[in-house]
Protein chains: 2
Amino acid sequence: MALLDAEGADRLTMRRLAERLGTGSTTLYWHVKTKDDVLDLALDAIFAEVGIPPKSDEGWRADVTALINGWRAVLLRHSWSAALLSRPMLGPNVLARTEFLYATLLEAGVVEPRLTAAAYGLSNYVIGSGLMQATWPADAERDVRSAAREYLDANRERYPALAAHGPLVVEGDWDAGFALGLTWLLDGIEAGIAGAGGAARA
Amino acid sequence: MALLDAEGADRLTMRRLAERLGTGSTTLYWHVKTKDDVLDLALDAIFAEVGIPPKSDEGWRADVTALINGWRAVLLRHSWSAALLSRPMLGPNVLARTEFLYATLLEAGVVEPRLTAAAYGLSNYVIGSGLMQATWPADAERDVRSAAREYLDANRERYPALAAHGPLVVEGDWDAGFALGLTWLLDGIEAGIAGAGGAARA
DNA sequence: ACCTGAACACCGTTCAAGT
DNA sequence: ACCTGAACACCGTTCAAGT
């Protein structure tokens with residue numbers, strides 16, 4: 001993970017990893033079956049960093065929010081994780097978080113078909129957001145940003161809304177935007193609990 | 001793209017692509033600067049497949065829904081795209097879709113800070129959902145599924161909620177779940193339009 | 001039980017050279 | 001303007017052999 005944090009996902013090589021560990025590259029294959037295993041382990045490992053929030057007494061929304069924000073923080077702290085998100089996350093640390101999510105929603109009274117939709121919706125939203133933010137041209141690649149900006153300006157009549165209001169012009173407040181979308185999802189989930197109006201819709 | 005559809009992202013090789021095209025691999029470098037360029041082009045290209053929906057007269061929700069569903073369909077049809085989602089999508093086809101999204105939301109009366117949150121929220125949700133579904137052990141890997149299932153059963157006391165209600169036991173209806181979450185987001189966005197209650201919250 | 005070296009079948013990319 | 005071949009510096013992985 002030190003290697004990943006320092007140099008990113010595609011610079012992780014069995015040979016480089018072995019060197020870092022002070023062995024030959026082929027030695028690794030005694031401990032691990034394949035490089036994919038290493039990546040799966042690394043992806044799961046980051047979730048051990050941020051604890052599962054203790055069940056608070058502020059209600060399920062606070063608990064879910066804490067979980068999701070922790071999830072997001074971990075994805076953003078290790079931006080290489082974005083490149084690995086295209087593999088199933090079935091490690092114990094991820095499962096523990098998913099368990100907490102399901103348990104909290106169940107306890108709040110969310111039932112099928114909204115339970116699955118809620119769990120997936122929340123997960124998909126964090127994953128997508130983390131991916132998007134980690135992917136977005138960082139300060140390091142200011143030239144990519146400004147190139148895209150110029151392209152938009154040059155084609156202003158083709159992309160009027162984007163050129164005037166797009167993410168490249170409005171400096172995004174990632175945290176606030178994320179929180180707002182999360183609120184919408186939680187509102188929707190809440191509206192479906194215990195026959196409260198929204199239940200009829202499903 | 002035929003190569004990608006047939007064999008997936010990590011089987012795409014400059015050498016194999018060249019062979020498919022009936023040339024030497026080094027010839028490709030006259031037309032393209034690097035392999036990453038090829039991937040960027042491929043990722044943008046899939047969006048040309050499904051048109052931008054015509055502006056209907058059923059209101060902005062219908063228009064946004066059509067756009068998002070088309071977006072999702074394209075991601076699912078080309079499951080290799082999941083592996084490429086970790087690169088910024090700045091191709092013309094993606095930009096055209098983002099333009100439509102911004103324009104539709106603006107016209108509906110969504111303003112900052114909800115505009116950015118809405119555009120990102122919707123995008124992140126599709127991307128996350130597409131990634132999750134494309135990533136999820138397919139029928140082909142039924143053994144991975146059942147292995148995970150057995151692991152959950154064996155650790156039933158550690159993952160009680162997952163073992164009883166988790167995605168591995170409840171056969172997910174992806175489409176319905178996706179639609180439900182999308183509804184929640186749209187409800188939240190709608191509630192914020194033109195001082196309608198929700199505006200005060202932001 | 002763990003480590004090593006040599007080796008295989010690949011990669012992306014460059015570059016001088018051809019037409 | 002476009003294509004080719006040879007070559008460089010890498011990959012992941014296997015496997016016989018060591019301790």
Side-chain angles (χ1 to χ4, degrees), chain A residues 1-46 78-91 131 134-135 137-138 140-141 143-144 147, chain B residues 1-46 78-91 131 134-135 137-138 140-141 143-144 147:
Chain A
M1 287 201 20
L3 198 50
L4 283 167
D5 282 340
E7 319 203 28
D10 40 52
R11 308 255 351 234
L12 177 70
T13 273
M14 295 302 271
R15 284 171 156 95
R16 287 165 60 84
L17 176 59
E19 189 188 13
R20 184 116 183 181
L21 262 38
T23 12
S25 65
T26 66
T27 305
L28 299 179
Y29 286 86
W30 177 262
H31 303 274
V32 116
K33 223 176 127 194
T34 156
K35 185 186 176 180
D36 275 353
D37 281 8
V38 177
L39 297 178
D40 284 336
L41 288 168
L43 184 55
D44 187 67
I46 63 178
H78 306 283
S79 58
W80 48 267
S81 62
L84 307 188
L85 251 25
S86 60
R87 54 186 67 240
M89 293 190 287
L90 291 173
L131 188 65
T135 268
E141 300 145 79
D143 45 343
V144 181
Chain B
M1 286 200 23
L3 198 51
L4 283 167
D5 283 339
E7 319 203 28
D10 40 52
R11 307 251 357 231
L12 177 70
T13 274
M14 295 303 270
R15 284 172 156 94
R16 288 165 59 84
L17 176 59
E19 189 187 12
R20 184 115 182 178
L21 263 36
T23 12
S25 66
T26 65
T27 305
L28 299 179
Y29 286 86
W30 177 263
H31 304 274
V32 115
K33 222 176 127 194
T34 155
K35 184 186 178 181
D36 274 354
D37 281 8
V38 177
L39 297 178
D40 284 336
L41 288 168
L43 185 55
D44 186 67
I46 63 179
H78 305 282
S79 59
W80 49 267
S81 62
L84 307 188
L85 252 24
S86 62
R87 53 186 66 239
M89 293 190 287
L90 291 173
L131 187 65
T135 267
E141 300 146 80
D143 45 342
V144 181

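Residue numbers start from 1 in every chain, and the chains themselves are labelled A, B, ... in the order their sequence lines are given, proteins ahead of strands.
Scored by the salt bridge (charged side-chain N to carboxylate O under 4.0 Å, His left out) test, A:Glu7 finds A:Arg11, A:Arg16 as partners (sequence neighbours excluded). By the side chain to side chain contact (heavy atoms under 4.5 Å, CB included) test, A:Asp40 pairs with A:Arg87, sequence neighbours left out. Evaluation of the side chain to side chain donor-acceptor pair (under 3.5 Å) rule for A:Arg15 yields no partner, not counting sequence neighbours. Residues passing the side chain to side chain donor-acceptor pair (under 3.5 Å) test with B:Asp37: none are found, sequence neighbours excluded.
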Using residues 21-31 of chain B as the side-chain source, report each donor-acceptor pair under 3.5 Å to any protein atom, sequence neighbours left out, with the distance given to one decimal.
unit_1  : atom_1 : unit_2  : atom_2 : d
B:Thr27 : OG1    : B:Gly24 : O      : 3.3

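Side-chain contact between B:Leu17 and B:Lys35: absent, with no pair of heavy atoms (C-beta onward) separated by less than 4.5 Å. Residues B:Val144 and A:Pro88 form no side-chain contact, since every pair of their non-hydrogen atoms from C-beta on lies 4.5 Å or further apart. Between B:Trp80 and B:Ile46, some side-chain heavy-atom pair lies under the 4.5 Å cut-off. The shortest side-chain heavy-atom distance between A:Met14 and A:Val38 falls under the 4.5 Å cut-off. Residues A:Met89 and A:Leu43 have side chains in contact (heavy-atom distance under 4.5 Å, counting atoms from C-beta outward).
Contacts of residues 78-88 of chain A with DNA chain D (heavy atom under 4.0 Å): none. Contacts between residues 5-14 of chain A and DNA chain C, defined by a heavy-atom separation below 4.0 Å, involve no residue at all. Using a 4.0 Å cut-off on heavy atoms, the residues of residues 32-46 of chain B that approach DNA chain C are B:Thr34, B:Lys35, listed by number.
Every stem involving DNA chain D, taken as at least 3 paired positions in a row under the Watson-Crick or G-U wobble test at 3.5 Å, is listed here: C:4-8 with D:12-16, C:12-16 with D:4-8.
Atom-to-atom distance recorded for B:Ser81:OG and B:Leu39:CG is 12.0 Å, nearest 0.5 angstrom. Rounded to the nearest 0.5 angstrom, A:Leu4 CG and A:Ser79 OG are separated by 10.0 Å. Here the CG atom belonging to A:Leu85 is positioned 9.5 Å from the OG1 atom belonging to A:Thr135, to the nearest 0.5 angstrom.
Here the shortest heavy-atom pairing between B:Ser86 and B:Ala83 reads OG-O, 4.0 Å.
Each of A:His31 and B:Tyr29 was assigned the nucleotide of DNA chain C with the nearest heavy atom; the assignment lying further toward the 5' end belongs to A:His31.
Of all nucleotides in DNA chain C having an atom under 4.0 Å from a heavy atom of chain B, the first and last in 5' to 3' order are C:dC11 to C:dT14.
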